[in-house]
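What you see is a predicted model; the values in this text were computed from it and never measured. Residue numbers run from 1 in the order of the sequence given. Both backbone and side-chain heavy atoms feed into the values below; hydrogens, waters and symmetry mates do not.
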Amino acid sequence: MRVEIWSDIACPWCYVGKARFQKGLAGFAHRDEIEVVHRSFELDPGRAKGDTEQVIDMLALRYGRTTEEARGMEANVAANARAEGLGYRTEGRDHGNTFDIHRLLHLAKARGLQEELLTLVYRANFAEERSVFDDAVLADLAVEAGLDADEARAVLADPEAYAADVRADEREAAELGASAVPFFVLDRRYGISGGQPAEVFAQALEQAWKDREVPGLTQVGGDAAACDADGFCEVPEASSRDQRV
C-alpha cells in the first residue's frame, strides 16, 4: 500500500506531522508493506530565490502580530515538536523559497534516498543552525544523505532539473483538493490533513488496509494544525494532540 505525503520544508506542522505519522506507522502490523512517497508543495512560491528573512519577522508581518506575539507562536509550535522528540529552534531560523529543495528531493527520490534527505533537511531547518536556503548547505546535506556531490550540485545549478516533477506534484495536490499541508493520501482512498496525533494515523492505516478495494478518496481524522497554500500556518493555543472532531 502506498502513502503519499504532500509537504513543504518551511512548514513546521509538516515536520511535526512526519514524526507523528512515523509513530503511527511503527505500530502497524503491515508497516513493511507500506511505500511512503514524499511529494512537493510550496508555501511561498512567489518568493524569489535568495530572498530570505528571519522566521520571527515573517510571522509578525504575515499575521499582523507583534514580535513578541510571533515569538509566542513559535514557542507553541516548538512545544509540539519537542513533545515528539524533535529539536526546534525558535530564534535565528530563515524563511525562503523552497523550490530548489523540492527539486533536490526529487533527485533523492530517483536515487532511493528521499526519506534520508528529507529527514536531514527538516533537522537542519528546524533544529540546527544551518540555512537550507543556501546551496552549499543543501549540497552538504545531499552528500550526508548519500547522494553524489557533483550530481547534487549540478541539479542545484540547473533551475530546470526536476522542475517538471515538482510542478506535477503541485498540480496533483490541487486536483486532490489539498489546500494545506501536510496532506497524507493513503492508497488513494483516504486523505488526512494536518499534523494529526499518531493514533489517528494508526487508525487510518488499519482502515485503509482493510478497504484496499474501495474506490474514491475519503477524508479522515478531522481538523488539525496545518500550513495553507498562502503560507499561513495555524498555530492553536492548545497542543494539537488535543484537537479532535
Side-chain angles (χ1 to χ4, degrees), residues 3 5-28 36 38 41-44 54-95 98 101 115 118-130 132 178-184 186 191-205 219-245:
V3 176
I5 306 173
W6 273 264
S7 61
D8 191 15
I9 196 66
C11 167
W13 295 114
C14 296
Y15 178 51
V16 173
K18 180 176 182 291
R20 291 176 177 172
F21 169 76
Q22 288 174 328
K23 287 183 178 180
L25 179 63
F28 182 54
V36 178
H38 296 278
F41 191 104
E42 293 176 88
L43 292 177
D44 204 351
Q54 292 287 293
V55 168
I56 294 295
D57 295 336
M58 180 274 293
L59 290 173
L61 179 62
R62 180 165 287 176
Y63 290 93
R65 304 289 183 89
T66 66
T67 299
E68 286 307 309
E69 286 172 334
R71 287 196 176 102
M73 293 166 68
E74 275 288 88
N76 186 54
V77 181
N80 278 266
R82 290 165 186 160
E84 303 302 330
L86 300 172
Y88 197 99
R89 291 188 302 123
T90 58
E91 296 281 352
R93 288 197 301 110
D94 289 338
H95 174 79
T98 55
I101 301 171
E115 179 69 32
L118 183 62
T119 298
L120 288 171
V121 174
Y122 270 138
R123 185 185 304 156
N125 187 47
F126 289 105
E128 300 172 351
E129 294 185 10
R130 304 167 76 182
V132 296
S179 59
V181 286
F183 184 65
F184 302 77
L186 284 62
I192 305 173
S193 294
Q196 300 279 354
E199 55 267 29
V200 171
F201 291 115
Q203 293 165 5
L205 285 164
Q219 185 76 26
V220 298
D223 294 331
C227 298
D228 68 22
D230 294 321
F232 287 85
C233 294
E234 180 185 354
V235 186
E237 293 301 323
S239 167
S240 59
R241 286 184 174 276
D242 299 327
Q243 294 188 351
R244 300 289 191 279
V245 172

Inset, instruction - Report the residues that fulfil salt bridge (charged side-chain N to carboxylate O under 4.0 Å, His left out) with Arg71, sequence neighbours left out, ordered by chain and then residue number. - result: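 With sequence neighbours excluded, Arg71 shows a salt bridge (charged side-chain N to carboxylate O under 4.0 Å, His left out) to Glu68, Glu91, given in chain and number order.
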Inset, instruction - For Glu69, enumerate each residue passing the salt bridge (charged side-chain N to carboxylate O under 4.0 Å, His left out) test, keeping only those at least two apart in sequence or located in another chain. - result: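 Once residues adjacent in sequence are excluded, Glu69 has no partner under the salt bridge (charged side-chain N to carboxylate O under 4.0 Å, His left out) criterion.
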Legend entry - Near-ring test Phe183/Phe41, centroid separation under 6.0 angstrom: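 Ring centroids of Phe41 and Phe183 are no less than 6.0 Å from each other.
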Legend entry - Residue list, side-chain hydrogen bond (donor to acceptor under 3.5 Å, both in side chains) with Asp57, at least two apart or on another chain: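 Per chain and number, Asp57 pairs via side-chain hydrogen bond (donor to acceptor under 3.5 Å, both in side chains) with no residue.
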Legend entry - Under the side-chain hydrogen bond (donor to acceptor under 3.5 Å, both in side chains) test, residues paired with Gln22 that sit two or more places apart: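 In terms of side-chain hydrogen bond (donor to acceptor under 3.5 Å, both in side chains), with neighbours along the sequence ignored, Gln22 is linked to Glu115.
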Under a 4.5 Å cut-off applied to non-hydrogen side-chain atoms, are [X] and [Y] in contact?
{"X": "His95", "Y": "Leu59", "value": "no"}
{"X": "Trp13", "Y": "Val77", "value": "yes"}
{"X": "Glu74", "Y": "Ile56", "value": "yes"}
{"X": "Thr98", "Y": "Leu43", "value": "no"}
{"X": "Asp44", "Y": "Asp8", "value": "no"}

Exercise: identify the closest heavy-atom pair between [X] and [Y]:
{"X": "Ala60", "Y": "Ala70", "value": "N-CB, 3.9 Å"}
{"X": "Arg20", "Y": "Pro197", "value": "CD-CA, 4.2 Å"}
{"X": "Tyr63", "Y": "Met73", "value": "CD1-CE, 3.5 Å"}
{"X": "Gly92", "Y": "Gln54", "value": "CA-OE1, 3.1 Å"}
{"X": "Cys11", "Y": "Tyr122", "value": "O-CE2, 4.5 Å"}
{"X": "Pro12", "Y": "Tyr88", "value": "CB-OH, 3.7 Å"}

Inset, instruction - Could you tell me whether a side-chain N or O of Asn76 sits under 3.5 Å from a main-chain N or O of Gly72, the two making a donor and an acceptor? - result: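 Side chain of Asn76 to backbone of Gly72: no pair is present.
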Legend entry - Backbone N/O of Ile9 and side chain of Asn125: donor-acceptor pair under 3.5 Å: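 Side chain of Asn125 to backbone of Ile9: a pair is present.
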Legend entry - Interatomic spacing from CZ in Arg82 to OG1 in Thr90 - rounded to 0.5 Å: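 Those atoms lie 6.0 Å apart.
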Inset, instruction - Applying side-chain contact (heavy atoms from CB on, under 4.5 Å) between Phe21 and each of Ile192, Val200, Val36, report the one that passes. - result: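 When side-chain contact (heavy atoms from CB on, under 4.5 Å) is applied between Phe21 and each of Ile192, Val200, Val36, only Val36 qualifies.
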Legend entry - Partners meeting side chain to side chain contact (heavy atoms under 4.5 Å, CB included) with Ala127 (sequence neighbours left out):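 Ala127 satisfies side chain to side chain contact (heavy atoms under 4.5 Å, CB included) with Tyr15, Arg123 once adjacent residues are dropped.
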Inset, instruction - Check side chain to side chain contact (heavy atoms under 4.5 Å, CB included) between Arg89 and all other residues, then give those that pass, not counting sequence neighbours. - result: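 Testing Arg89 for side chain to side chain contact (heavy atoms under 4.5 Å, CB included), a comparison that skips the adjacent residues, returns Arg93, Glu129.
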